[in-house]
Number of protein chains: 2
Amino acid sequence: MADSAPPATATRSERKHAAIVAAAAAVFLETGYDRASMDEIAARSGVSKQTVYKHFSSKDLLFVAVVTEMMDQAGAAVHQAPPQLRDRAELEAFLLDYGVRIQTVALTPGLMQLRRLVISEVQRFPELARELYARGAGRAIGAMGALFETLRDDGLLAFEDVAETASQLNWLLMGEPINRVMMLGNEAIPTPAEIKRHTGAAVATFLAAFLHPDQR
Amino acid sequence: MADSAPPATATRSERKHAAIVAAAAAVFLETGYDRASMDEIAARSGVSKQTVYKHFSSKDLLFVAVVTEMMDQAGAAVHQAPPQLRDRAELEAFLLDYGVRIQTVALTPGLMQLRRLVISEVQRFPELARELYARGAGRAIGAMGALFETLRDDGLLAFEDVAETASQLNWLLMGEPINRVMMLGNEAIPTPAEIKRHTGAAVATFLAAFLHPDQR
DNA sequence: TCCAAACTGAACTAGACCGTTCAGTTCCGT
DNA sequence: ACGGAACTGAACGGTCTAGTTCAGTTTGGA
């Protein structure tokens, strides 16, 4: 019910460890930290409670380990190499592709629920929220900023504040859907067609503001 | 410790009612729904537990009443009449003022914590989250869209999709700060100077994209 | 093959908390 | 001023949970 198929070659202890993390992730995401019961996590792992406490000496530590693991998995799906962009058309095509991709990856039931979970425990586990922010918006904005500086050098973009500019693109793309889905629930996750339309509008606004005058 | 000075002219029952709501708001905001204890709410209200249950027959109902009340109070602080804007300079000045004002009102420790609280209970009380979204971003975008249509009629703005355009302004302004503060905590609330700078950048981008060509 | 480490299953401690109850007191409208 | 409604304070039932303990079983490396 909560397996991610750990390799059968692992030792028994490793298999149990993975099963506990997987079951705990499911239970925490479904019920939140407070209502998640260690007994249910043990039952769903197919493991005794004793064993759960052998691997994770408290509910707090298990929670931190589980959330960190989920962030690792989510982060692994996002990376990509910086592209070579020669003119306005290539830039626009890249931004459209990037916008669709980042929304498709981020607006996932699991990631949105993880976000809600982390926010709901921001007081008790502030370092988890910091980490999620750093790996999400922080990372995206940083990487985009680096790309923008080369594009400015190439005379494709014109702007003053890199961080502000990259942040504006990010929130033109993500602000509306991420906040709507957070509040209205995962049923409000946009369809691919909606993502494409919204991305087109956001990229148009961005280019109207930051495309270098020579490129128009 | 949690009083909002209910008028002394009210009946005893009304005073107790108000005290319960105020104390419950504080406790729910501090600890979240699950960890909030009815005993502590009663104690902080200066009221017996029996009386709490006389006014609110369950923790659920008390929570809904308290959150609704907080949303009412927050919503009352936002309204304003649609302005008359004649040229580019007036429009720009209005947008700068609007941007600063909406951020100043929304990026408040109480409102941010209310947002976290509602998000953390989105599964159990989806109607509260829907309501908060409708009264927050939904209302702001709707009102701004109505204004934008008159500005288009007046030849000040040029755009295709009203809702998308109003949403873009909203998230250019609010996306970055609201999401950063949600994750990094209320210590990350921007200073007035930061709000002003960020608003200037957002409004510049918006006008670059949507100011009518005749107005440049 | 053998033994230490890991695991099982179940019981148990200790505490929190919702919602109820009760006997007695205070308030307020008529 | 009086009677009913609201309130107090404390206790209690019932349920749930984190974490521990224990006696016995399984596993896997040397």
Side-chain angles (χ1 to χ4, degrees), chain A residues 2-3 6-67 117 120-121 123-125, chain B residues 2-3 6-67 117 120-121 123-125:
Chain A
D3 304 24
T9 68
T11 168
R12 175 176 64 160
S13 187
E14 287 165 343
R15 268 180 283 130
K16 304 268 175 189
H17 189 99
I20 293 167
V21 170
V27 173
F28 281 133
L29 285 178
E30 282 169 28
T31 70
Y33 180 86
D34 282 310
R35 269 192 280 282
S37 138
M38 295 296 272
D39 286 282
E40 193 189 336
I41 289 170
R44 282 219 224 174
S45 316
V47 145
S48 81
K49 207 176 167 184
Q50 171 76 257
T51 299
V52 174
Y53 278 96
K54 190 107 191 176
H55 286 265
F56 303 96
S57 54
S58 73
K59 192 181 180 182
D60 278 31
L61 287 176
L62 174 58
F63 184 75
V64 171
V66 160
V67 170
L117 180 62
S120 74
E121 298 301 331
Q123 303 226 5
R124 213 193 312 221
F125 302 98
Chain B
D3 303 27
T9 68
T11 170
R12 177 176 61 159
S13 186
E14 287 166 341
R15 268 181 281 128
K16 303 268 175 190
H17 189 99
I20 293 166
V21 170
V27 174
F28 280 132
L29 284 177
E30 283 169 27
T31 70
Y33 179 86
D34 281 310
R35 297 170 100 76
S37 136
M38 295 297 273
D39 286 280
E40 193 188 336
I41 289 171
R44 281 218 225 173
S45 315
V47 144
S48 81
K49 207 175 165 186
Q50 171 78 257
T51 300
V52 174
Y53 278 96
K54 191 109 191 172
H55 285 267
F56 302 96
S57 54
S58 74
K59 193 181 178 181
D60 277 32
L61 287 176
L62 174 58
F63 183 75
V64 171
V66 161
V67 170
L117 179 62
S120 75
E121 297 301 330
Q123 304 227 7
R124 217 201 298 231
F125 303 99

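Each chain gets a letter, A, B and so on, in the order the sequences are listed, and its residues count up from 1.
Residue I41(A) forms a side-chain contact (heavy atoms from CB on, under 4.5 Å) with just one option from V47(A), V27(A), V21(A), and that option is V27(A).
Between the CD1 atom of I41(B) and the C1' atom of dG19(C) there is a distance of 13 Å, given to the nearest Å. Atom CD in E14(A) sits about 12 Å away from atom P in dA6(C), given to the nearest Å. The separation between H17(A) atom NE2 and dC7(C) atom P is 11 Å, rounded to whole Å. The distance from atom NZ of K54(A) to atom P of dT20(D) is 12 Å, rounded to the nearest whole Å. The nearest whole Å value for the distance from the CG atom in L61(B) to the P atom in dC18(C) is 14 Å. Rounded to whole Å, the distance from CD on E40(B) to C1' on dA16(C) is 13 Å.
A donor-acceptor contact shorter than 3.5 Å links the side chain of E14(A) to the backbone of T11(A).
Direction change of the helix axis from one end of the helix from dT1(C)-dA30(D) to dT30(C)-dA1(D) to the other is 30°, with five pairs defining each end axis (rounded to 10°).
To the nearest 0.5 Å, atoms CD (E40(B)) and NZ (K49(B)) are separated by 12.5 Å. Between the NE2 atom in H55(A) and the OG atom in S13(A) there is a gap of 4.0 Å [rounded to 0.5 Å]. The CZ atom of R124(A) sits 10.0 Å away from atom OG1 of T31(B), with the distance rounded to the nearest 0.5 Å.
For the residue pair K59(B) and Y33(B), the shortest heavy atom distance occurs at NZ-O, 2.9 Å. What you find for L29(A) and Q123(B) is that their closest heavy atoms are O-NE2, 3.9 Å. Between F28(A) and L117(A), the shortest heavy-atom contact is O-CD1, 3.7 Å. Closest non-hydrogen pair, S48(B) versus A42(B), comes out as C-CB, 4.1 Å. Here the shortest heavy-atom pairing between I20(A) and S45(A) reads CA-OG, 3.5 Å.
Residue R15(B) places at least one side-chain N or O closer than 4.0 Å to OP1 or OP2 of dC28(C). One finds a side-chain N or O of S13(A) lying less than 4.0 angstrom from the OP1 or OP2 phosphate oxygen of dC7(C). Look at T51(B) and you'll find a side-chain N or O under 4.0 angstrom from OP1 or OP2 of dT8(D).
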Go through the steps to decide whether V67(A) and E121(A) satisfy the test side-chain contact (heavy atoms from CB on, under 4.5 Å), and finish with yes or no.
CA-CA 11 Å; V67(A) 170; E121(A) 298 301 331; over 6 Å; no

Once base and sugar-phosphate atoms are separated, protein heavy atoms under 4.0 Å mark nucleotides 12-18 of chain D, 5' to 3', with B, S and - as ------B

Nucleotide N/O of nucleotides 24-26 of chain C paired with protein N/O under 3.5 Å:
none

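Scanning atom types as modelled, no donor and acceptor separated by under 3.5 angstrom connect the side chain of Q50(A) and the base of dT20(D).
H55(B) comes within 4.0 angstrom of sugar-phosphate atoms only, judged by non-hydrogen atoms across all strands, and of no base.
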